[in-house]
Amino acid sequence: MRLRRLRRAELPADTVALARFLLGKIVVHDTRHGRLSGRIVETEAYPVGDAAGHAFRGMTERNRALFLKRGHAYVYFAYGSCFLLNVTSEVAGVGAGALIRAIEPLEGIAAMERHRGTTRRLDLTRGPGRLAEALAIDLAQNGLDLCGAGPLWLASAGDPPRSIGASVRIGITRDADRVLRFYEHGTPFVSGPKRLRAERSS
DNA sequence: AGTGCGATTGACT
DNA sequence: GTCAATCGCACTA
């Protein structure tokens with residue numbers, strides 16, 4: 001597969017626009033055990049001022065990376081069991097980002113199966129905690145520049161954009177009515193209940 | 001110092 | 001479909 005590293009200037013400077021932009025792009029993790037990659041099919045935006053966003057109550061030790069300029073990785077540990085991967089979206093000092101919720105496995109599928117302890121293709125990377133585990137992402141990747149020459153990066157495969165759906169975000173309680181979850185229609189690799197997979201956006 | 005709560009998952013009915 | 005596990009962090013006192 002032909003992959004081209006995305007440059008920071010190509011990333012939309014707006015959080016919601018970035019969340020939509022990321023659909024169809026590739027997230028790549030080059031590890032000691034080879035390349036792990038997947039096509040992004042579901043994201044959520046956590047823009048400035050969003051009560052559901054981790055930056056809402058200011059910078060802390062945990063969410064520090066969320067305040068890096070756009071195109072950095074913000075990884076955090078949730079529910080005592082999972083790591084979640086976000087792409088930061090604003091200028092330095094402003095906390096906002098896009099959560100990657102699901103990818104379609106591309107390269108390194110055998111390694112992903114080992115990391116996840118299953119060979120069921122749909123269970124590999126459907127859900128933010130699952131995809132992080134499949135891609136071997138944890139706090140060691142927190143704060144990495146996704147637009148630099150590092151091991152974790154974003155790529156375009158030149159795929160034509162497909163139909164995009166939108167819904168409310170999953171698993172939050174504050175600002176729960178905002179339509180800030182975006183996903184690709186017609187792929188089985190999207191997480192969430194069925195009723196949140198059919199709404200049309202653009 | 002103690003408490004409550006998740007940007008979830010996997011097991012189970 | 002429902003529900004508990006799990007633990008670091010933020011918040012209160």
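Nothing here was measured: the structure is a model prediction, and the numbers come from that model. Just so we're on the same page: letters track the sequence lines, and every chain starts at 1.
Close placement of the Tyr183(A) and His185(A) rings is indicated, their centers lying within 6.0 Å of each other.
For the OP1/OP2 pair of dC11(C) and a distance below 4.0 Å, the side-chain nitrogens and oxygens of Arg57(A) include at least one atom meeting the criterion. Taking only side-chain nitrogens and oxygens, Arg130(A) comes nearer than 4.0 Å to OP1 or OP2 of dG10(B). Under 4.0 angstrom from either OP1 or OP2 of dT8(B) there lies at least one side-chain N or O belonging to Arg101(A).
Rounded to a whole Å, the CG atom of Asn142(A) is 11 Å from the P atom of dC9(C). Between Asp50(A) atom CG and dA7(B) atom P the separation is 11 Å, expressed in whole Å. Atom CZ in Arg62(A) sits about 14 Å away from atom C1' in dC11(C), given to the nearest Å. Atom-to-atom, CG of Asp138(A) to C1' of dG8(C) comes out at 15 Å; the value is rounded to the nearest Å. Regarding Tyr79(A), its OH atom lies at a distance of 10 Å from the P atom of dT9(B), rounded to whole Å. One atom, CD1 of Ile170(A), and another, P of dG6(B), lie 16 Å apart when rounded to the nearest Å.
Salt-bridge annotation for Arg8(A) and Asp145(A): present, with a side-chain N of the basic residue lying under 4.0 Å from a carboxylate O of the acidic one. With salt bridges taken as basic N to acidic carboxylate O contacts below 4.0 Å, one links Glu10(A) and Arg4(A).
Across all strands shown, Ala52(A) has heavy atoms under 4.0 Å from base atoms, whether or not it also approaches the sugar-phosphate. Residue-level contact check: Arg116(A) touches the backbone only, with heavy atoms under 4.0 Å from sugar-phosphate atoms and none from bases.
Candidate nucleotides dC9(C), dA7(B), dG8(C) were compared by shortest atom distance to the side chain of Phe77(A), and dG8(C) ranks first.
An aromatic stacking contact links Tyr46(A) with the base of dA7(B), defined here by ring centres under 5.5 Å apart and ring planes under 30° from parallel.
Here the options are Thr125(A), Leu3(A), Ile26(A), the test is side chain to side chain contact (heavy atoms under 4.5 Å, CB included), and the partner is Leu106(A); only Ile26(A) passes.
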